[in-house]
Amino acid sequence: MTARAARPALAIAVVSIGVGALIGLLVYGVKATGRGQTLDDAIAHGRRPAAPAVALPRLEGGARAALADYRGTVVVLNYWASWCTPCRQESPLLERWQPRLAKRGGTVLGVDSLDVTADARAFVRELGLTYPMLRDRDGETQRRFGVSGYPETLIVDRAGRIAALQRGPVDDAFLRRSVLPLLAEAA
């Protein structure tokens, strides 16, 4: 066999090894995480996993706030960014829910993530948002919650457990279904 004839065989062998390695990594990833291990799966099966312990600076500056500070409160934890069109469309709904929640021991808690601070502040002012806002500049906490896009909303019960989530914009029906029953639960 000549060197020229060996090249295609070598290329096929290299590609085959690469494909085999990728398949092996996929199989390992599926087996390592196991079924039912994602937040989505836990909630779909009626479980309420504990919310990760996170503390972030307030968007307007000042002290940090921790999710644990809201223990005893039902929290509508909303991840957003100023450049996100669905976030802009969803925010007025969350603002309308804030006083309704506050009367019954709940709050909306916004988390601006992977955004320019000045743009995020302008977004809040422009839309007249009054609920508390935190700043996750580098996206550290969104990874801990499994947030992969914007907006995403997690509903945290009074005990600090995640009771529901919405990947994408929320609507009145989701909030009624996911939040109102939690407001009726004891702390």
Side-chain angles (χ1 to χ4, degrees), residues 33 35-56 59 65-115 119-120 123-124 126-185 187:
T33 57
R35 257 182 90 70
Q37 296 300 311
T38 69
L39 183 58
D40 301 74
D41 288 339
I43 291 168
H45 288 94
R47 294 188 300 275
R48 292 187 187 176
V54 297
L56 292 166
L59 179 61
L67 188 54
D69 297 340
Y70 293 90
R71 186 68 51 98
T73 302
V74 174
V75 177
V76 177
L77 185 65
N78 177 254
Y79 277 82
W80 63 276
S82 66
W83 43 263
C84 163
T85 300
C87 299
R88 179 171 295 281
Q89 296 163 341
E90 169 189 74
S91 293
L93 171 69
L94 295 171
E95 181 62 27
R96 286 192 304 275
W97 271 79
Q98 175 59 21
R100 185 177 184 184
L101 294 170
K103 289 178 190 172
R104 298 183 61 194
T107 190
V108 175
L109 180 60
V111 180
D112 174 56
S113 190
L114 299 173
D115 203 354
D119 292 349
F123 179 96
V124 169
E126 178 187 335
L127 294 172
L129 304 178
T130 61
Y131 50 88
M133 295 288 179
L134 304 179
R135 174 95 172 106
D136 188 3
R137 184 177 57 89
D138 60 6
E140 173 199 340
T141 67
Q142 76 176 27
R143 287 187 291 275
R144 291 164 59 194
F145 283 101
V147 172
S148 59
Y150 303 108
E152 289 194 19
T153 302
L154 299 101
I155 310 301
V156 182
D157 69 13
R158 295 181 193 280
R161 300 170 303 174
I162 300 170
L165 66 87
Q166 176 67 34
R167 308 246 186 241
V170 298
D171 58 18
D172 274 313
F174 171 79
L175 293 171
R176 278 193 304 273
R177 181 178 65 252
S178 302
V179 177
L180 294 180
L182 298 178
L183 293 169
E185 291 180 0

Visitor: Is the shortest side-chain N to carboxylate O distance from D40 to R167 below 4.0 Å?
Guide: yes
Visitor: With the side chain counted from C-beta on, respond yes when P132 and Y70 share a heavy-atom pair under 4.5 Å apart, and no when they do not.
Guide: yes
Visitor: Looking at L180, L182, V74, which hits side chain to side chain contact (heavy atoms under 4.5 Å, CB included) with R104?
Guide: L180
Visitor: Closest heavy-atom contact between L134 and A65?
Guide: CD2-CB, 3.6 Å
Visitor: Identify the heavy atoms of L94 and L175 that sit nearest to each other, and give their distance.
Guide: CD2-CD1, 4.4 Å
Visitor: F145 pairs by side chain to side chain contact (heavy atoms under 4.5 Å, CB included) with which of L154, D136, L165?
Guide: L154
Visitor: Please, which pairs that meet side chain to side chain donor-acceptor pair (under 3.5 Å) have at least one residue in residues 169-183, sequence neighbours excluded?
Guide: W97-D172
Visitor: So L67 and L109, do their side chains get closer than 4.5 Å, heavy atoms only?
Guide: yes
Visitor: Specify the closest pair of heavy atoms between L114 and G139, including all atoms of both residues, with the distance to one decimal.
Guide: CD2-N, 3.7 Å
Visitor: Flag the pair L101 / T107 as yes when at least one side-chain heavy-atom distance between them is below 4.5 Å, and no otherwise.
Guide: no
Visitor: Give the minimum heavy-atom separation between V156 and A51, together with the two atoms involved.
Guide: CG1-CB, 4.4 Å
Visitor: Mind checking whether E152 and Q142 have side chains closer than 4.5 Å, heavy atoms only?
Guide: no
Visitor: Quick one: does L77's side chain get under 4.5 Å of V111's, heavy atoms only?
Guide: yes
Visitor: Before you tell me yes or no, could you show the steps for R135 and L56 under side chain to side chain contact (heavy atoms under 4.5 Å, CB included), namely the whole-Å CA-CA distance, both residues' side-chain angles and the distance that decides it to 0.1 Å?
Guide: CA-CA 6 Å; R135 174 95 172 106; L56 292 166; 5.9 Å; no
Visitor: Do T85 and Q89 have a side chain donor and acceptor closer than 3.5 Å?
Guide: no
Visitor: Report yes if some heavy atom in the side chain of C87 is under 4.5 Å from a heavy atom in the side chain of L127; otherwise report no.
Guide: no
Visitor: Does any part of the side chain of S91, heavy atoms only, come nearer than 4.5 Å to the side chain of Y131, both counted from C-beta?
Guide: yes
Visitor: Could you report the tightest heavy-atom contact between E90 and P151, atom names first, then the distance?
Guide: OE1-CB, 3.1 Å
Visitor: Atom CE of M133 and atom CG of L129: how far apart are they, to the nearest 0.5 Å?
Guide: 4.5 Å
Visitor: Taking side chain to side chain donor-acceptor pair (under 3.5 Å) as the cut-off, I'd like each qualifying pair that reaches into residues 157-166, sequence neighbours left out, listed once.
Guide: R48-D157, D157-R161
Visitor: Is the closest side-chain heavy-atom distance between S113 and Y150 below 4.5 Å?
Guide: yes
Visitor: Please tell me whether T130 and E95 have a donor and an acceptor in their side chains that are separated by less than 3.5 angstrom.
Guide: yes
Visitor: Taking the six-membered ring for Trp, is the centroid-to-centroid distance between F123 and W83 below 6.0 Å?
Guide: no
Visitor: What's the shortest heavy-atom distance between A120 and D115, and which atoms?
Guide: CB-OD2, 3.8 Å
